[in-house]
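Counting from 1, the numbers follow the sequence of the chain as shown. What you see is a predicted model; the values in this text were computed from it and never measured.
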Amino acid sequence: QVQLVESGGGSVQAGGSLKLSCAASGRTFSRYAMGWFRQVPGKEREFVAAISRSTAITYYSDSVKGRFTISRDNDKNTVYLQMNSLKPEDTAVYYCAAVFLPSSSAYEFRAGDMDYWGQGTQVTVSS
């Protein structure tokens, strides 16, 4: 069982930055690949970024590539999402999620494949 708690959301003007954190409980955090997703009302949950359990592999959606950076600290059981050059279209509730994979990899995860979810944190970007 893995419990995830996001933090770091808030309101920022376009062009600004935010860093989201996702703290995981349990001693098995390092066995899970991690992903960040986001969702706006009326739309499906959207993949944002993923990182392998070993931190060696990362993957980003085209909409955030070059602006967002996913990282993790397995000693602290935490995954991060550094978001720079924020745009109003980045406004959403951001969720972290964990998935157990047989090998260390990261790719465009599907929301339905994730094993555990956090409660989400709101990010609002104003123009």
Side-chain angles (χ1 to χ4, degrees):
Q1 189 80 5
V2 177
Q3 292 185 322
L4 304 172
V5 179
E6 301 96 335
S7 61
S11 297
V12 65
Q13 288 192 328
S17 298
L18 282 174
K19 186 174 185 177
L20 305 183
S21 299
C22 174
S25 66
R27 296 175 292 177
T28 60
F29 174 72
S30 61
R31 297 175 61 189
Y32 290 84
M34 299 296 297
W36 285 97
F37 293 76
R38 64 188 182 187
Q39 190 170 25
V40 297
K43 292 190 175 182
E44 293 186 352
R45 199 163 291 189
E46 174 191 21
F47 170 80
V48 174
I51 188 166
S52 63
R53 63 192 185 199
S54 68
T55 77
I57 303 170
T58 57
Y59 193 90
Y60 299 91
S61 69
D62 288 342
S63 62
V64 307
K65 196 175 300 180
R67 299 188 298 122
F68 291 11
T69 302
I70 188 171
S71 61
R72 67 189 293 167
D73 185 335
N74 286 340
D75 291 334
K76 295 182 178 179
N77 280 12
T78 303
V79 62
Y80 306 96
L81 185 68
Q82 176 68 48
M83 305 185 295
N84 298 329
S85 301
L86 282 161
K87 304 175 182 180
E89 51 263 44
D90 295 318
T91 295
V93 177
Y94 283 72
Y95 299 89
C96 70
V99 60
F100 179 78
L101 299 175
S103 62
S104 185
S105 61
Y107 47 87
E108 187 172 346
F109 296 145
R110 297 182 301 180
D113 291 338
M114 307 307 285
D115 295 320
Y116 302 101
W117 290 90
Q119 83 290 348
T121 186
Q122 176 70 46
V123 171
T124 302
V125 184
S126 58
S127 58

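- Cluster membership for Leu86 and Tyr95, using ILVMFWY side-chain heavy atoms within less than 4.5 angstrom, is not shared.
- Residue Ile57 belongs to no hydrophobic cluster, having no ILVMFWY side-chain heavy atom closer than 4.5 Å to its own.
- Between the CD atom in Glu6 and the SG atom in Cys96 there is a gap of 4.0 Å [rounded to 0.5 Å].
- One hydrophobic cluster holds both Met34 and Leu18 under the rule that ILVMFWY side chains link at heavy-atom gaps under 4.5 Å.
- Within 6.0 Å of atom CD in Gln122, more than 12 heavy atoms from other residues, nucleotides or ligands are found, so the atom counts as buried in its surroundings.
- Two residues are said to be in side-chain contact when any heavy atoms from C-beta on lie closer than 4.5 Å; Gln1 and Ser25 fail this criterion.
- No donor-acceptor pair closer than 3.5 Å links the side chain of Asn84 to the backbone N or O of Ser17.
- Side-chain contact between Arg72 and Tyr80 is absent, with no heavy atoms from C-beta onward closer than 4.5 Å.
- Legend: ring-ring contact (aromatic ring centres under 6.0 Å, His included) pairs involving residues 37-75, not counting sequence neighbours, sorted by first then second residue: Phe37-Phe47, Phe37-Trp117.
- Judged purely by distance below 3.5 Å, without hydrogens or angles, the side chains of Thr78 and Asp73 never pair a donor atom with an acceptor atom.
- Looking at Arg38 and Tyr94, their side chains do bring a donor and an acceptor atom within 3.5 Å of each other.
- Side chain of Ser52 to main chain of Ser105: no donor-acceptor pair is present (N/O by atom type, distance under 3.5 Å, no hydrogens or angles).
- With hydrophobic clusters built from ILVMFWY side chains whose heavy atoms lie under 4.5 angstrom apart, Val2 shares a cluster with Ile51.
- The hydrophobic cluster containing Leu20 also contains Tyr116, counting ILVMFWY residues as joined when their side-chain heavy atoms lie under 4.5 angstrom apart, directly or transitively.
- For Asp90 and Lys87, the salt-bridge test fails: no basic side-chain N is under 4.0 Å from an acidic carboxylate O.
- For the atom pair OG1 of Thr58 and OH of Tyr107, the computed distance is 15.0 Å after rounding to the nearest 0.5 Å.
- Leu81 places none of its side-chain heavy atoms less than 4.5 Å from the side chain of Val79.
- Listed by chain and number, the residues in a salt bridge (Lys or Arg N to Asp or Glu O under 4.0 Å) with Asp75 amount to none (sequence neighbours excluded).
- Both Val12 and Met83 are part of a single hydrophobic cluster, where members link through side-chain heavy atoms under 4.5 Å apart.
- Put simply, the side chain of Thr91 does not reach to within 4.5 Å of the side chain of Glu89, judged on heavy atoms.
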